[in-house]
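To keep things clear, I will list the structure first and then write my remarks on it.
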Amino acid sequence: VQLQAFGGGLVQAGGFLRLSCAASGGTFSSYTVAWFRQAAGKEREFVATIRMGRTYYSDSVKGRFTISRDGAKNTVHLQMNSLKPEDTAVYYCGAGRPILSTISTTATYCYWGQGTQVTVSS
């Protein structure tokens, strides 16, 4: 499975962006898909995931971000609203088959997109 993440950009605080993760070369619908982000000088951190029709979010984005799957287009989206400067990072999508207790762990995702930069100005 090959993943391509896109949709990042520069936005002012309070604005919104929608990221997309497009898959090819495999049956995307059978995978759990997650978004992680990595700010400069920091470790990659969990943002959101969609697993077996249920969604999970980190506390830092809950209520502002929404992850969704478009099965027909083999794509997973991350709608990001009320963006804050601390959301600035490179955002990566990953696909895998983690058990529920490991959905926020990078090591359980075996396929990754190349990352897309999100910059939120204050």
Side-chain angles (χ1 to χ4, degrees):
V1 176
Q2 291 81 46
L3 304 181
Q4 182 178 9
F6 56 95
L10 173 64
V11 64
Q12 289 187 332
F16 63 91
L17 284 173
R18 188 172 86 152
L19 305 184
S20 297
C21 179
S24 60
T27 307
F28 197 42
S29 60
S30 67
Y31 287 91
T32 292
V33 180
W35 286 95
F36 286 75
R37 65 187 181 188
Q38 188 166 17
K42 296 186 177 181
E43 294 186 353
R44 192 171 297 191
E45 66 172 2
F46 170 76
V47 174
T49 193
I50 184 163
R51 177 182 183 273
M52 299 177 67
R54 298 192 66 175
T55 58
Y56 304 86
Y57 301 91
S58 68
D59 288 343
S60 62
V61 307
K62 197 173 296 182
R64 300 187 297 122
F65 291 11
T66 303
I67 188 171
S68 62
R69 185 190 292 268
D70 183 339
K73 296 183 178 180
N74 232 20
T75 303
V76 169
H77 302 290
L78 183 69
Q79 178 68 40
M80 307 187 296
N81 297 331
S82 302
L83 283 162
K84 304 175 181 179
E86 51 263 45
D87 294 319
T88 295
V90 178
Y91 283 70
Y92 298 89
C93 59
R97 294 192 173 101
I99 58 176
L100 186 57
S101 61
T102 64
I103 57 172
S104 62
T105 304
T106 56
T108 60
Y109 294 88
C110 48
Y111 303 104
W112 290 93
Q114 81 286 7
T116 184
Q117 176 71 47
V118 171
T119 303
V120 184
S121 63
S122 57

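Using a 4.5 Å heavy-atom cutoff, the side chains of Thr66 and Tyr57 are in contact. A 4.5 Å side-chain heavy-atom check between Tyr56 and Ile67 finds every atom pair outside the cut-off. Looking at Gln4 and Gln114, their side chains come closer than 4.5 Å, going by heavy atoms from C-beta outward.
For the atom pair Thr55 OG1 and Arg69 CZ, the distance stands at 11.5 Å (nearest 0.5 Å). One distance of note links CZ of Phe16 with CG of Asn81; it measures 7.5 Å at 0.5 Å rounding. The line from CD of Gln38 to CD of Glu45 is 9.5 Å long, rounded to the nearest 0.5 Å. Note that SG of Cys21 and CG of Asn74 are 9.5 Å apart. Values are rounded to the nearest 0.5 Å.
A cation-pi arrangement is not found for Arg37 relative to Tyr92, the charged atom failing to lie both closer than 6.0 Å to the ring centre and inside a 45° cone about the ring normal.
Under the 4.5 Å side-chain heavy-atom criterion for ILVMFWY residues, a single connected hydrophobic cluster contains both Val47 and Leu17. Linking Ile, Leu, Val, Met, Phe, Trp and Tyr residues whenever their side-chain heavy atoms come within less than 4.5 Å leaves Val90 and Val33 in two separate clusters. When hydrophobic clusters are built by joining Ile, Leu, Val, Met, Phe, Trp and Tyr residues whose side-chain heavy atoms come closer than 4.5 Å, directly or via intermediates, Val120 is grouped together with Leu19. Linking ILVMFWY residues whenever their side-chain heavy atoms come closer than 4.5 Å, directly or via other members, places Val76 and Val1 in the same cluster. Hydrophobic clustering (side-chain heavy atoms under 4.5 Å, transitive across Ile, Leu, Val, Met, Phe, Trp, Tyr) keeps Tyr31 apart from Ile103.
In plain terms, the two heavy atoms of Leu3 and Ala23 that are nearest each other are CD2-CB, 3.8 Å. When all heavy atoms of Thr116 and Gly7 are compared, the pair lying nearest together is OG1-N, 3.9 Å. Shown here for Pro85 and Ser122, the closest heavy-atom pair between the two residues is CG-CB, 3.8 Å. Summarising the geometry of Thr75 relative to Ser20, their closest heavy-atom pair is CG2-CB, 4.0 Å, with the distance given to 0.1 Å.
A distance-only check finds a donor-acceptor pair linking the side chain of Arg64 to the backbone of Ser82 [under 3.5 Å]. Side chain of Thr32 to main chain of Arg51: no donor-acceptor pair is present (N/O by atom type, distance under 3.5 Å, no hydrogens or angles). Side-chain atoms of Thr108 come within 3.5 Å of backbone atoms of Thr102 as a donor-acceptor pair (strictly under, hydrogens ignored).
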(message) Quick one, Arg97 with Cys110, criterion side chain to side chain contact (heavy atoms under 4.5 Å, CB included). Give me CA distance, side-chain angles, the key distance, then yes/no.
(response) CA-CA 8 Å; Arg97 294 192 173 101; Cys110 48; over 6 Å; no
(request) Show your reasoning for whether salt bridge (charged side-chain N to carboxylate O under 4.0 Å, His left out) applies to Lys84 and Asp87. (result) CA-CA 5 Å; Lys84 304 175 181 179; Asp87 294 319; over 6 Å; no
(message) Test side chain to side chain contact (heavy atoms under 4.5 Å, CB included) on Leu78 and Phe65; report intermediate values, then the result.
(response) CA-CA 7 Å; Leu78 183 69; Phe65 291 11; 4.2 Å; yes
(request) Could you walk me through whether Thr49 and Arg54 pass the side chain to side chain contact (heavy atoms under 4.5 Å, CB included) test, one step at a time? (result) CA-CA 8 Å; Thr49 193; Arg54 298 192 66 175; over 6 Å; no
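Test Tyr109, Phe6, Tyr111, Trp35 against Cys93 for side-chain contact (heavy atoms from CB on, under 4.5 Å) and you get one pass: Trp35.
Taking the six-membered ring for Trp and thresholds of 30 and 60 degrees, Trp112 and Phe36 have ring planes more than 60 degrees apart, a perpendicular arrangement.
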